[in-house]
Each structure stands twice: as structure tokens, then as C-alpha cells.
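Side chains are part of it too, since the values below use all heavy atoms of this structure and drop only hydrogens, waters and symmetry mates.
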Amino acid sequence: MRSDAVQHLLGYLIAAYFQAVRRTSRIDRPAPPLDEPHILALWHGRLIMLPLLRSGDKPLVALVSGHRDGQIVSKAGALFDILTAKGSSSRGGMRAVREMIRFARDGHSLFVTPDGPRGPRMHADSGIVDLARLTGLPIVPATISARHGVFLDTWDRFLLPRPFTTVFVRWGEPIRVTADDDRDATTARLEEAMSRLQDEADRAAGRARIERG
């Protein structure tokens, strides 16, 4: 898993899987709520279909961990015009945050999993709120679900949609963060919005509600 060649292979396999699902499935995807740069927020367990959430002309920039899982995500994302900044929005990753700020100034949208990379599941870390304040970009909650798929036995209940299914994309209302907004209150607001959105998408797919970790 630490081999660059193995990570590239796994990245290609993930990309091939995504393409198989996308090309054989019905995609229920309303238009995004914004046509301006933003910070896309998605729970870690729904990460596999991230390319469906891209919008705009410029590549999406994803914040990923420096762990080997993040390296694999980086390899797969590059095949779909998704760039990565390696680090953490909450664990001393100031270099990655500076990269994200630079990309935001250049007109890119950013992507963060507020409960990644280790959880707890569906609990937002306040790092995304700090990033929104630093960049001035609104946060757009988003999620996906699928009528047919498999949940992995992982901390995030990672969902793998099956080919020939219906994939549901859902967007939440943008959250704009100002310098006067309370950090913890805004994080809690985002977490609740993302959880409601996840419930909405899973209901549309006929799936049971996923409990927070």
C-alpha cells in the first residue's frame, strides 16, 4: 500500500469502478445551488462518487490526509481533474491550508470531508469553518446515495453503489461564514445540515437512516 506503483494501480481501479457506475446508472442530480467558487462538504462515507459533485470550469481541489488512503484518493482524483492538497484542516496542516487559500484566490472550488479522515462518523470538525473564514468561500453541503449498493464495515460506513442503479445527488443551502460568526455554533449548524441532507438522500434511495458514530 505504501508503494507508489500500487497506489497508482488502486487509483486506476477506483476510477474504473466509478466510471462503470456512472455509465450504467441513472444519475438524479439537481443543479448545484451556486455557480461561484465554494467549499464542498461531503461526509467521508460517500466519498467514492465525488466526481459527480464537481462544477465549474476549474479543477476541484480536495484536502486529503497524508496517510496512504489520501495518496490513493489523490491518484484517483487526478484522473477526473481533481487536484489535492495533502494535510489536515485541523491537525497542524498549515501548509495544506495555505495551498487551499491560494487555490481559492485563483478561483477554484475546494473540497473537504468534515468527519475525515478518521471520524467519528458524521461529526463535523471545525477546521472547515476556519477554512471558510480564511478563504471567504461559502460552504455547500452535499451528499450522494444509491438505490443499490454495499456498505463496507468501516468506521464511516463507506457506501459502494452497484452498477445499474440510481444514484442520488443532493445539495444543501450554502452557509456563508463571517468573522463575527461563532466557530462552534457554525460547525454545529453545518453538521446538522449535512445530516439532514444525508437522511433526505437515503430516503430518496429507499435506504435506512445511518446513525452518527
Participant: If you define the side chain from C-beta out and look only at heavy atoms, does anything of Ser109 sit under 4.5 Å from Lys58?
Facilitator: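 The answer is no, as the side chains (C-beta and beyond) never meet within the 4.5 Å cut-off.
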Participant: Considering all heavy atoms of both residues, which atom of Leu42 and which atom of Thr143 are nearest to each other, and what is their separation?
Facilitator: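 Looking at all heavy atoms of both residues, the closest pair is CD1-CA, 3.4 Å.
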Participant: Do Arg212 and Glu192 sit within salt-bridge range, that is, some charged N less than 4.0 Å from a carboxylate O?
Facilitator: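 Between Glu192 and Arg212 there is a salt bridge, with a charged N closer than 4.0 Å to a carboxylate O.
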Participant: Are Phe111 and Ile14 grouped together when hydrophobic residues (ILVMFWY) are joined by side-chain heavy atoms under 4.5 angstrom apart?
Facilitator: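 Yes.
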Participant: If you measure from CG on Leu47 to CG on Leu159, what distance do you get to the nearest 0.5 Å?
Facilitator: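 CG of Leu159 is found 11.5 Å from CG of Leu47.
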Participant: Do Leu197 and Ile139 sit in one hydrophobic cluster, given that two such residues count as connected whenever their side-chain heavy atoms are within less than 4.5 Å of each other, even indirectly?
Facilitator: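 No, it is not one cluster - the side chains of Leu197 and Ile139 are not joined through contacts under 4.5 Å.
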Participant: How many angstroms lie between atom NE2 of His148 and atom CG of Leu160, to the nearest 0.5 angstrom?
Facilitator: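 Rounded to the nearest 0.5 Å, the NE2-CG separation comes out at 15.0 Å.
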Participant: Please determine if Arg196 and Asp199 form a salt bridge, counting it only when a charged side-chain N lies under 4.0 Å from a carboxylate O.
Facilitator: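 The answer is no: the pair does not qualify as a salt bridge.
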Participant: Between Val21 and Met49, is a side-chain contact (heavy atoms from CB on, under 4.5 Å) present by the stated rule, with each step listed?
Facilitator: CA-CA 9 Å; Val21 173; Met49 303 302 288; 3.7 Å; yes
Participant: When you measure from the side chain of Arg133 to the backbone of Asp181, do you find a donor-acceptor pair of N or O atoms at a distance under 3.5 Å?
Facilitator: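 Confirmed, Arg133 side chain pairs with Asp181 backbone.
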Participant: Give, for atom CG of Leu53 and atom CZ of Arg46, the distance between the pair rounded to the nearest 0.5 Å.
Facilitator: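 The distance works out to 12.0 Å.
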Participant: Return the set of residues passing ring pair (Phe, Tyr, Trp, His ring centres under 6.0 Å) with Phe103 (not counting sequence neighbours), or none when no residue passes.
Facilitator: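 With neighbours one apart ignored, the set is His108.
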Participant: Decide yes or no for Leu60 and Leu110: does some side-chain heavy atom of the first lie under 4.5 Å from some side-chain heavy atom of the second?
Facilitator: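 A side-chain contact under 4.5 Å is absent here.
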Participant: Within the structure provided, determine whether Ser25 and Thr166 are in side-chain contact (heavy-atom separation under 4.5 Å).
Facilitator: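 Not touching, per the 4.5 Å side-chain cut-off.
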Participant: Specify the closest pair of heavy atoms between Pro138 and Pro37, including all atoms of both residues, with the distance to one decimal.
Facilitator: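 Closest pair (atom of Pro138, atom of Pro37, distance): CD-O, 3.7 Å.
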Participant: Could you check whether Asp180 and Thr178, counting side-chain N and O atoms only, form a donor-acceptor pair closer than 3.5 Å?
Facilitator: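 Side-chain D/A pair, Thr178 to Asp180: absent.
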Participant: How far does OG of Ser145 sit from CD of Glu200, to the nearest 0.5 angstrom?
Facilitator: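 Output value for this atom pair is 11.0 Å.
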Participant: Would you say Phe151 has more than 12 foreign heavy atoms packed within less than 6.0 Å of its CZ?
Facilitator: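 For Phe151, atom CZ is crowded (more than 12 foreign heavy atoms under 6.0 Å).
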Participant: Test side-chain contact (heavy atoms from CB on, under 4.5 Å) on Tyr12 and Lys75 and set out the steps.
Facilitator: CA-CA 8 Å; Tyr12 277 111; Lys75 302 292 192 301; over 6 Å; no
Participant: Under the ring pair (Phe, Tyr, Trp, His ring centres under 6.0 Å) rule, what pairs show up with a residue in residues 17-62, not counting sequence neighbours?
Facilitator: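 As it turns out, the ring pair (Phe, Tyr, Trp, His ring centres under 6.0 Å) pairs with a partner in residues 17-62, which skip direct neighbours, are Phe18-Phe80, His44-Trp155.
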Participant: Would you say the side chain of Ile82 lies within less than 4.5 Å of the side chain of Val61, judging by non-hydrogen atoms?
Facilitator: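 A side-chain contact is absent here, since even the closest heavy-atom pair is not under 4.5 Å.
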Participant: Are more than 12 heavy atoms, taken from residues, nucleotides or ligands other than Asp182, located less than 6.0 Å from that residue's CG atom?
Facilitator: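 Enclosed.
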Participant: Please enumerate all residues that pass side-chain hydrogen bond (donor to acceptor under 3.5 Å, both in side chains) together with Thr113, with sequence neighbours excluded.
Facilitator: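 For Thr113 there are no side-chain hydrogen bond (donor to acceptor under 3.5 Å, both in side chains) partners, ignoring immediate neighbours.
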Participant: What's the spacing between Ile101 CD1 and Thr135 OG1 if we round to 0.5 Å?
Facilitator: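 Going from CD1 on Ile101 over to OG1 on Thr135, the span is 7.0 Å.
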Participant: Between Leu40 and Val112, does a side-chain contact (heavy atoms from CB on, under 4.5 Å) hold up when you go through it step by step?
Facilitator: CA-CA 6 Å; Leu40 183 68; Val112 176; over 6 Å; no
Participant: Report yes or no: does Thr165 contribute a side-chain atom to a donor-acceptor pair with the main-chain N or O of Pro161 at less than 3.5 Å?
Facilitator: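 Answer holds: no.
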Participant: For the CG atom on Asp106, are there more than 12 heavy atoms of other groups (residues, nucleotides or ligands in this structure) within a distance under 6.0 Å?
Facilitator: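 Buried by this count: over 12 neighbours within 6.0 Å.
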Participant: Any side-chain heavy atom of Arg54 within less than 4.5 Å of one from Asp81?
Facilitator: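 They are in side-chain contact.
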Participant: Under a 4.0 Å threshold between the charged nitrogen and the carboxylate oxygen, would Glu211 count as salt-bridged to Arg209?
Facilitator: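 Yes, Arg209 and Glu211 are salt-bridged.
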Participant: Same hydrophobic cluster for Ile48 and Val150, using side-chain heavy-atom links shorter than 4.5 Å among ILVMFWY?
Facilitator: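 No, separate clusters.
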Participant: Between Glu99 and Arg95, is any pair of side-chain heavy atoms under 4.5 Å apart?
Facilitator: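 The answer is yes, as the side chains (C-beta and beyond) meet within the 4.5 Å cut-off.
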Participant: Testing the basics here: between Pro33 and Gly172, what is the closest heavy-atom pair and its distance to 0.1 Å?
Facilitator: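 Closest approach of Pro33 to Gly172, heavy atoms only: CG-O, 3.7 Å.
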Participant: Quick check: do Leu131 and Leu137 have side-chain heavy atoms less than 4.5 Å from each other?
Facilitator: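 Side-chain contact under 4.5 Å: no.
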Participant: As a test of understanding, state which of Asp202, Asp28, Ile144 forms a side-chain contact (heavy atoms from CB on, under 4.5 Å) with Arg170.
Facilitator: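 Option passing the side-chain contact (heavy atoms from CB on, under 4.5 Å) with Arg170: Asp28.
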Participant: Identify the heavy atoms of Asp115 and Pro120 that sit nearest to each other, and give their distance.
Facilitator: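 Smallest interatomic distance, heavy atoms only, reads CB-O, 3.5 Å.
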Participant: Backbone N or O of Leu52 within a donor-acceptor pair of the Arg29 side chain at under 3.5 Å?
Facilitator: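 Answer holds: yes.
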Participant: I'd like to know if Arg189 and Glu173 make a salt bridge, using a cut-off of under 4.0 Å between side-chain N and carboxylate O.
Facilitator: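 Answer for the salt bridge query: no.
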Participant: If you look at every heavy atom in Glu191 and His123, which pair is closest and at what distance?
Facilitator: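 The answer is OE1-CA, 3.2 Å.
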Participant: Atom CG in Asp125, atom CG in Asp130: separation rounded to 0.5 Å?
Facilitator: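 One gets 8.5 Å once the value is rounded to the nearest 0.5 Å.
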Participant: List the atom of Ala41, the atom of Leu190, and the distance in Å for their closest heavy-atom pair.
Facilitator: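 Reported closest heavy-atom pair: CB-CD1, 4.5 Å.
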Participant: Counting only N and O atoms by type, is there a donor-acceptor contact under 3.5 Å from the side chain of Arg26 to the main-chain atoms of Phe164?
Facilitator: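 Side chain of Arg26 to backbone of Phe164, a donor-acceptor pair under 3.5 Å: no, none is there.
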Participant: With a 4.5 Å heavy-atom cut-off, do Ile210 and Met122 have their side chains touching?
Facilitator: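 The answer is yes, as the side chains (C-beta and beyond) meet within the 4.5 Å cut-off.
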